[in-house]
Amino acid sequence: MTKELGVGIIGCGNISTTYFSLAPLFKGLKVLACADINAQAAEARAEEYGVKAQTIDELLVNDEIDVVVNLTIPDAHFRVSKAILEAGKHVYSEKPLVLSLEEGEELRRIAKQKNLAVGCAPDTFLGGAHQLARKFIDDGGIGRVTSGACYVMSPGMEMWHPNPDFFFLPGGGPILDLGPYYIANLINLIGPVKRVGGMTSMASPTRTITSEPRNGEIIPVKTPTTIQALLEFVNGATVTLTASWDVWSHRHANMELYGTDGSLYVPDPNFFGGVVEASGRDKDIKPLDAWEHPFGKINQENPNGARANYRTAGLADMVMSLIEGRDARCSLDRTLHGVDVMTSILKSGEEGRFIDLTTTCTQPAALGIEEAQALLK
């Protein structure tokens, strides 16, 4: 097989700049073309990054394109990814992959039939901080993981996003928007989930946009905005997950895992870097010794401070898995299991009962220093 695959991007909104700008860091792939339902958006990105602007139909029949990255809005993910597969091309999607397990199973059926790969963000669990946490657990640093707690809470998106409507409609909400980062990292650290329970609510049936250019406009809320979930893992661990856009401030850590011999404090799974801390039975919490993981190194300045950002690592790993004939870390099985976890949490909230999951997966292979370096040019 060729040592470099051609990549096309469908969806030229804000997130596309991340893929365009970071893709050149990685081996095995080259972005060649982009498309959007808004032709002007595609043309602007094409000119900015030196690629070809095409219509969606043109991109799907472009023989130079092997993999298509789906960066459309969540409600369009399924139909766009399905069209990509039917065109005979591999898919890498932004999260969430789909909005229902049935949609995901349909993608799996088509991919298997056509011998194609499907991968999906988030890939932040490949970051240096989260892989350090993985190594510490694998090395027995806190013994057997027995429980944990995760929190991702804020007032919401209407204060900063110019068009926040879709965040508050079915298919949006904090569990489908932010939950993927936490659930993917939990699968990375602990493994698959067995069953879930959830309680869901919303603070208000409407939201008032305070960002420009729609400041003052009122939009409806039609999906839960606070979710309290309990996840039971196959290995027996139980973890609570709270995801909310109804909280103005809090003092909860992003992710804590508790084991038979200590505790582990994991930074925000939405990002690649951060400080990992742990304690043993002595209860003395200390940072773990830093390691020179390539995906933990600061490479971007941001209004909130310098950070490590290697989004596209999951795409690169999927491309190299195709070239090398191995399992991709952001695989369809793991992504679909994450969808099962999230949609089952919402179903549990609606029905008031625990939900047994119908999917499972394996933990992804750890991405150590050498494995991460092998993805970079």
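Everything numeric here is computed off the predicted structure, so don't read it as measured data.
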Asp165/Arg207 under salt bridge (charged side-chain N to carboxylate O under 4.0 Å, His left out): CA gap, chis, key distance, verdict: CA-CA 9 Å; Asp165 311 62; Arg207 296 269 177 152; over 6 Å; no
Fellow cluster residues of Ile73, listed by chain then number, with links counted only when side-chain atoms sit under 4.5 Å apart: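 In the cluster with Ile73 there is nothing else; it is isolated.
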What residues join Phe271 in its hydrophobic cluster, counting side-chain heavy atom gaps under 4.5 Å, either direct or through other members? none
Taking atom types as modelled, find out whether [X] and [Y] have a side-chain donor-acceptor pair closer than 3.5 angstrom.
| X | Y | value |
| --- | --- | --- |
| Arg311 | Thr18 | no |
| Ser81 | Asn70 | yes |
| Gln54 | Asn62 | yes |
| Arg334 | Thr362 | yes |
| Asn215 | Thr210 | no |
| Thr238 | Glu232 | no |

Examine distances only and state if a side-chain atom of Asp268 and a backbone atom of Asn254 form a donor-acceptor pair shorter than 3.5 Å.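 No, the answer is negative, given that no donor and acceptor are paired below the 3.5 Å cut-off.
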Worked check of salt bridge (charged side-chain N to carboxylate O under 4.0 Å, His left out) between Asp177 and Lys95: CA-CA 8 Å; Asp177 183 63; Lys95 52 81 189 169; 3.1 Å; yes
State, yes or no, whether a side-chain contact exists between [X] and [Y] at a heavy-atom distance under 4.5 Å.
| X | Y | value |
| --- | --- | --- |
| Phe272 | Arg307 | no |
| Phe20 | Ile9 | yes |
| Glu106 | Phe78 | yes |
| Ile355 | Arg353 | yes |
| Asn163 | Glu158 | no |
| Val196 | Phe354 | no |
| Ser263 | Ser279 | yes |
| Asn185 | Val266 | yes |

Nearest 0.5 Å, what's the CG-CG distance between Leu332 and Leu116? 11.5 Å
As an exercise, state the distance from OG of Ser147 to CG of Leu231, rounded to the nearest 0.5 Å.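 With rounding to 0.5 Å, OG (Ser147) is 12.5 Å from CG (Leu231).
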Given side-chain contact (heavy atoms from CB on, under 4.5 Å), test Lys135 with His130 step by step and report yes or no. CA-CA 9 Å; Lys135 185 177 187 302; His130 307 297; over 6 Å; no
Please determine whether side-chain contact (heavy atoms from CB on, under 4.5 Å) holds for the pair Val80 and Ile10, giving the CA-CA distance in whole Å, both sets of side-chain angles, and the decisive distance to 0.1 Å. CA-CA 9 Å; Val80 172; Ile10 296 179; 4.2 Å; yes
N-O pairing of Arg329 and Asp327 below 4.0 Å: no
Please determine whether side-chain contact (heavy atoms from CB on, under 4.5 Å) holds for the pair Val67 and Lys89, giving the CA-CA distance in whole Å, both sets of side-chain angles, and the decisive distance to 0.1 Å. CA-CA 6 Å; Val67 182; Lys89 302 184 187 301; over 6 Å; no
Intermediate values then yes/no, salt bridge (charged side-chain N to carboxylate O under 4.0 Å, His left out), Asp261 and Arg144: CA-CA 7 Å; Asp261 295 319; Arg144 178 173 55 85; over 6 Å; no
Pairs flagged by ring-ring contact (aromatic ring centres under 6.0 Å, His included) wherever residues 164-187 is involved - sequence neighbours left out: His161-Phe166, His161-Phe167, Phe167-Trp245, Phe168-Trp245
